Amino acid sequence: MQKLERFGSIVLARPCAQAVWRPGLPAADWRKATATFHREGGNQWQGREKLPATWIITVDGINFQLSSTDFGHLGIFPEQRDLWRRIVQVCGAYLEMRKRPASVLNLFAYSGGSTLAAASAGAEVCHVDASKGMVDWARKNAALNGFSERPIRWIVDDVTGFLQRELRRGRRYDLMILDPPSYGRGSKGEVFKIENELPPLLAILRQLMSDSPLGVLLSCHTPEFTPLALRHLLHQAFADLDGRHEQGEMTLTGGPSVLPVPSGSYCWWGAV
């Protein structure tokens with residue numbers, strides 16, 4: 001099962017376990033893909049030599065540098081596009097209402113889609129990821145958008161350890177965004193398993209919430225963590241605060257005849 005995606009002029013076929021229905025395009029269209037990624041027999045690209053080392057695409061006015069990785073990733077999760085739009089909206093509204101920039105914490109921040117969305121709306125952002133390579137990639141994306149001088153803190157660190165130090169420093173944030181992996185390792189080899197680490201992580205975030213909160217955006221690609229499961233987690237972590245929950249599936253979308261592809265879950269907790 002695969003998905004056919006276009007990134008600028010590049011068309012890629014990549015694995016997609018959720019695409020269980022029959023393809024909507026004829027086989028001839030799939031054969032025109034610039035390159036194909038397979039996981040059978042080990043991760044491997046077919047036609048990777050046809051891909052540029054890097055290329056740039058623009059999503060809702062934000063520029064991203066893409067590159068094919070050995071794991072089949074590109075440096076962007078396009079299913080988060082609607083979430084980025086919402087981040088722009090709420091950060092812009094917060095600035096207008098509070099007359100100050102929102103303070104945003106972006107954890108497991110990858111190549112910076114949420115960071116760039118928040119910064120484009122005037123927010124102050126702390127971008128945290130355990131991978132130095134991904135933080136460097138995110139900084140390049142910021143530079144592509146003219147954001148090099150924006151108030152963005154770039155942090156390479158284990159998320160839990162960093163948050164504990166932020167607590168001791170007395171830091172507080174208005175909007176907290178996190179897209180935790182199912183499994184990962186911190187910058188010093190710390191092991192992260194979502195089923196064990198996420199509830200205590202959310203408890204720390206509650207302590208880091210400002211007195212004028214904007215909300216929390218939790219998303220993930222772990223199948224067991226459904227939209228309702230994410231809602232329950234946020235409800236428990238922020239039960240003492242008034243707020244609204246909105247949850248759903250992240251989806252990859254195309255033209256009118258293209259069926260949306262479910263690609264993970266999200267839940268917003270928004271302060272009332």
Side-chain angles (χ1 to χ4, degrees), residues 80 82-109 113-115 117-119 121-129 151-153 155 157-181 192-222 224-250 264-272:
Q80 295 183 331
D82 287 344
L83 302 182
W84 298 334
R85 291 170 176 167
R86 182 75 171 274
I87 291 167
V88 171
Q89 176 189 358
V90 299
C91 287
Y94 192 92
L95 177 60
E96 184 175 348
M97 179 177 65
R98 299 284 180 179
K99 307 304 179 186
R100 69 168 179 84
S103 179
V104 177
L105 176 63
N106 186 18
L107 304 174
F108 310 100
S114 294
T115 294
E124 299 175 350
V125 186
C126 180
H127 175 110
V128 185
D129 199 283
I152 304 174
R153 295 167 62 204
I155 306 295
D157 205 345
D158 166 66
V159 163
T160 301
F162 172 76
L163 293 182
Q164 291 169 342
R165 288 189 291 277
E166 288 289 87
L167 271 178
R168 294 194 291 269
R169 287 188 281 253
R171 296 260 190 186
R172 295 295 181 267
Y173 294 93
D174 305 311
L175 174 62
M176 294 180 282
I177 303 165
L178 62 161
D179 184 57
F192 180 95
K193 292 183 178 180
I194 190 171
E195 64 271 21
N196 298 332
E197 306 298 333
L198 185 53
L201 186 64
L202 292 173
I204 299 176
L205 292 185
R206 171 62 189 92
Q207 298 177 70
L208 287 169
M209 181 69 75
S210 76
D211 293 332
S212 303
L214 181 51
V216 179
L217 170 57
L218 170 61
S219 62
C220 74
H221 295 81
T222 307
E224 296 84 357
F225 284 69
T226 64
L228 186 58
L230 299 187
R231 179 190 175 108
H232 292 337
L233 285 165
L234 290 185
H235 173 74
Q236 290 183 339
F238 298 90
D240 62 315
L241 298 177
D242 292 329
R244 299 182 303 271
H245 295 86
E246 175 189 325
Q247 70 274 356
E249 288 186 309
M250 297 185 289
S265 302
Y266 76 89
C267 184
W268 279 92
W269 174 84
V272 174

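One-based numbering along the sequence shown. Remember, it's a predicted structure, so these values are computed and weren't measured experimentally.
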Heavy atoms of L234 and H245 approach each other most closely as C-NE2, 4.0 Å

Does any part of the side chain of V128, heavy atoms only, come nearer than 4.5 Å to the side chain of C126, both counted from C-beta? yes

With the threshold set at 4.0 Å, does a side-chain nitrogen-carboxylate oxygen contact exist between R100 and D174?
yes

Note: R172 and S103 closest approach over all heavy atoms is O-OG, 3.6 Å

message = For E246, is there an ion pair with R86 - N to carboxylate O distance below 4.0 angstrom?
response = yes

Heavy-atom closest pair (A119 atom, V125 atom, distance to 0.1 Å) is N-CG2, 4.0 Å

Could you go step by step and tell me if Q247 and L230 meet the side-chain contact (heavy atoms from CB on, under 4.5 Å) rule? CA-CA 8 Å; Q247 70 274 356; L230 299 187; 5.9 Å; no

Does D240 have more than 12 heavy atoms from other residues, nucleotides or ligands lying within 6.0 Å of its CG?
yes

Separation between CZ (F108) and SG (C220), nearest 0.5 Å, reads 11.0 Å

Between A123 and P151 the two heavy atoms that sit nearest each other are O-CG, 4.1 Å

Per side-chain contact (heavy atoms from CB on, under 4.5 Å), V104 is matched among T115, I87, I177 by I177

Open item on the list: Is it true that E166 and Y173 share a donor-acceptor pair across their side chains at a distance under 3.5 Å?
Closed with: yes

When rounded to the nearest 0.5 Å, the distance separating NE2 of H221 from CD1 of I194 is 11.0 Å

Do R244 and W269 form a cation-pi contact, if we require the NZ or CZ to be under 6.0 Å from the six-membered ring centre and within 45 degrees of the ring's axis? no

**Request:** Give the intermediate values and the outcome of side-chain contact (heavy atoms from CB on, under 4.5 Å) for residues L107 and L205.
**Result:** CA-CA 11 Å; L107 304 174; L205 292 185; 3.9 Å; yes

Interatomic distance, CZ@R165 vs OG1@T160, rounded to 0.5 Å, equals 10.0 Å

Between the CG atom in L241 and the NE2 atom in H235, the distance rounded to the nearest 0.5 Å is 11.5 Å

Heavy-atom closest pair (W84 atom, G113 atom, distance to 0.1 Å) is NE1-C, 3.4 Å

Separation between NE2 (H127) and CD1 (I152), nearest 0.5 Å, reads 9.0 Å

Quiz item: Should L201 and L163 be marked as a side-chain contact (heavy atoms from CB on, under 4.5 Å) after you check the CA-CA gap, both sets of side-chain angles, and the distance that decides it?
Solution: CA-CA 8 Å; L201 186 64; L163 293 182; 3.2 Å; yes

Next on the checklist: The test is side-chain contact (heavy atoms from CB on, under 4.5 Å); show your working for V159 and L178 and say whether it passes.
Outcome noted: CA-CA 10 Å; V159 163; L178 62 161; over 6 Å; no

Requested in this report: Could you verify whether a donor N or O on one side chain and an acceptor N or O on the other, from S114 and N106, lie under 3.5 Å apart?
Outcome: no

To the nearest 0.5 Å, atom CG of L83 lies from atom CE of M250 at 6.5 Å

Note: P213 and A271 closest approach over all heavy atoms is O-CB, 3.3 Å

